[in-house]
Amino acid sequence: MIIALVQIPLPGGKRPRDLVTAQSLESTKIFHKVKGLRRKYYLNNEAGGDGIYEFDSREDAEAWFNEGWADWMEGRFGARPTLTLFDCPVVLDNEEGEVRVDGMPVPPPWEG
């Protein structure tokens with residue numbers, strides 16, 4: 001699994017929650033079709049609008065975050081985003097009470 005962190009520096013401080021919610025919901029029309037995208041978290045803070053993306057593979061992430069992606073985002077938001085990709089071999093899911101390594105459940109270490 002690949003985690004992508006996108007940061008968009010926006011002026012003016014933290015955006016109003018209602019605005020962020022409306023814009024984020026609208027953008028799901030785009031992101032629900034992205035190949036290999038498992039989840040997208042829409043973030044808002046004083047520094048700008050950020051997002052965390054969970055992809056099946058690096059190949060899928062790199063296909064989405066292609067050469068023209070940053071230009072497209074800059075056109076939408078008026079600011080150039082930064083992108084950081086992370087390999088994510090281990091996931092702790094407290095809601096499910098499980099640990100996964102490379103997507104496969106493993107015995108929880110706290111039970112052993």
Side-chain angles (χ1 to χ4, degrees):
M1 172 186 358
I2 298 295
I3 301 296
L5 171 61
V6 173
Q7 295 175 286
I8 307 168
L10 298 174
K14 193 171 185 177
R15 297 173 297 150
R17 180 181 172 86
D18 291 346
L19 174 64
V20 171
T21 299
Q23 289 176 336
S24 299
L25 287 171
E26 180 67 22
S27 80
T28 64
K29 294 175 183 177
I30 297 167
F31 291 107
H32 87 278
K33 299 177 189 176
V34 174
K35 182 180 181 294
L37 180 62
R38 294 179 183 179
R39 289 179 184 83
K40 180 181 186 313
Y41 296 87
Y42 295 84
L43 308 176
N44 182 34
N45 67 25
E46 285 73 16
D50 304 332
I52 295 175
Y53 300 68
E54 179 183 323
F55 280 92
D56 287 331
S57 69
R58 183 169 289 273
E59 178 181 81
D60 290 336
E62 289 175 349
W64 174 251
F65 298 113
N66 58 40
E67 190 173 310
W69 169 81
D71 293 335
W72 174 69
M73 291 290 286
E74 187 173 13
R76 291 186 70 196
F77 294 99
R80 195 150 190 92
T82 60
L83 169 66
T84 308
L85 296 179
F86 301 89
D87 294 324
C88 183
V90 178
V91 174
L92 165 64
D93 185 335
N94 280 328
E95 288 183 353
E96 297 296 325
E98 68 181 16
V99 177
R100 292 182 171 266
V101 175
D102 295 326
M104 302 299 297
V106 299
W110 60 87
E111 290 182 357

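Along the sequence shown, residues carry numbers from 1.
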Handout entry: Interatomic spacing from CD1 in Ile2 to CD in Glu59 - rounded to 0.5 Å
Key = 11.0 Å
Exercise for the section: Determine which pairs satisfy ring-ring contact (aromatic ring centres under 6.0 Å, His included) with at least one residue from residues 71-112, sequence neighbours left out, and list them in order. Expected result: Trp64-Trp72
Problem - Partner residues of Asp60 under the salt bridge (charged side-chain N to carboxylate O under 4.0 Å, His left out) criterion, sequence neighbours left out - result: Lys35
Handout entry: By side-chain contact (heavy atoms from CB on, under 4.5 Å) - contacts of Gln7 (at least two apart)
Key = Leu5, Asp50, Thr82
Handout entry: Joint cluster assignment, Ile30 & Val6, ILVMFWY side-chain distance < 4.5 Å
Key = yes
Exercise for the section: Return the minimal non-hydrogen interatomic distance between Gly97 and Pro108, and the atom names on each side. Expected result: O-CG, 4.3 Å
Completion exercise
Hits for side-chain hydrogen bond (donor to acceptor under 3.5 Å, both in side chains) against Ser27, two or more places apart or cross-chain, chain-then-number order -> Tyr42
Handout entry: hydrophobic_cluster_shared for Ile52 and Val91, side chain cutoff 4.5 Å
Key = yes
Practice task
Return the minimal non-hydrogen interatomic distance between Ala70 and Pro81, and the atom names on each side.
Solution key: O-CD, 3.8 Å
Practice task
To the nearest 0.5 Å, tell me how far Leu10 CG sits from Asn45 CG.
Solution key: 9.5 Å
Exercise for the section: Find the distance between CZ (Arg39) and CD (Glu54) and round it off to the nearest 0.5 Å. Expected result: 4.5 Å
Practice task
If a pair satisfies salt bridge (Lys or Arg N to Asp or Glu O under 4.0 Å) and one of its residues is in residues 99-112, list it, with sequence neighbours excluded.
Solution key: Glu98-Arg100
Completion exercise
Residues at least two apart in sequence or cross-chain that pass side-chain contact (heavy atoms from CB on, under 4.5 Å) with Ala63, listed by chain then number, are none
Fill in the blank from the handout: Residue set satisfying salt bridge (charged side-chain N to carboxylate O under 4.0 Å, His left out) with Arg17, at least two apart, ordered chain then number -> none
Fill in the blank from the handout: Lys33 meets the salt bridge (charged side-chain N to carboxylate O under 4.0 Å, His left out) criterion, sequence neighbours left out, with none
Practice task
Report the residues that fulfil side-chain hydrogen bond (donor to acceptor under 3.5 Å, both in side chains) with Asp87, sequence neighbours left out, ordered by chain and then residue number.
Solution key: Arg58
Practice task
Please collect all salt bridge (Lys or Arg N to Asp or Glu O under 4.0 Å) contacts where either partner lies in residues 66-85, sequence neighbours excluded, each pair once.
Solution key: Asp71-Arg80, Glu74-Arg80
Fill in the blank from the handout: Heavy-atom nearest pair, Lys29 first then His32, reads O-ND1, 3.2 Å
Problem - Ala4 versus Leu85, closest heavy-atom pair with distance - result: CB-CD2, 3.5 Å
Problem - Common cluster, Leu92/Val101, ILVMFWY with side-chain heavy-atom separation under 4.5 Å - result: yes
Fill in the blank from the handout: Note: Ile3 and Met1 closest approach over all heavy atoms is CD1-SD, 4.0 Å
Handout entry: For Lys14, salt bridge (charged side-chain N to carboxylate O under 4.0 Å, His left out) partners two or more places apart
Key = none
Handout entry: Where Pro9 and Ala79 come nearest, the two heavy atoms and their spacing
Key = O-CB, 3.1 Å
Handout entry: Any residue meeting ring-ring contact (aromatic ring centres under 6.0 Å, His included) with Tyr53, in chain and number order, not counting sequence neighbours
Key = Phe31, Phe65
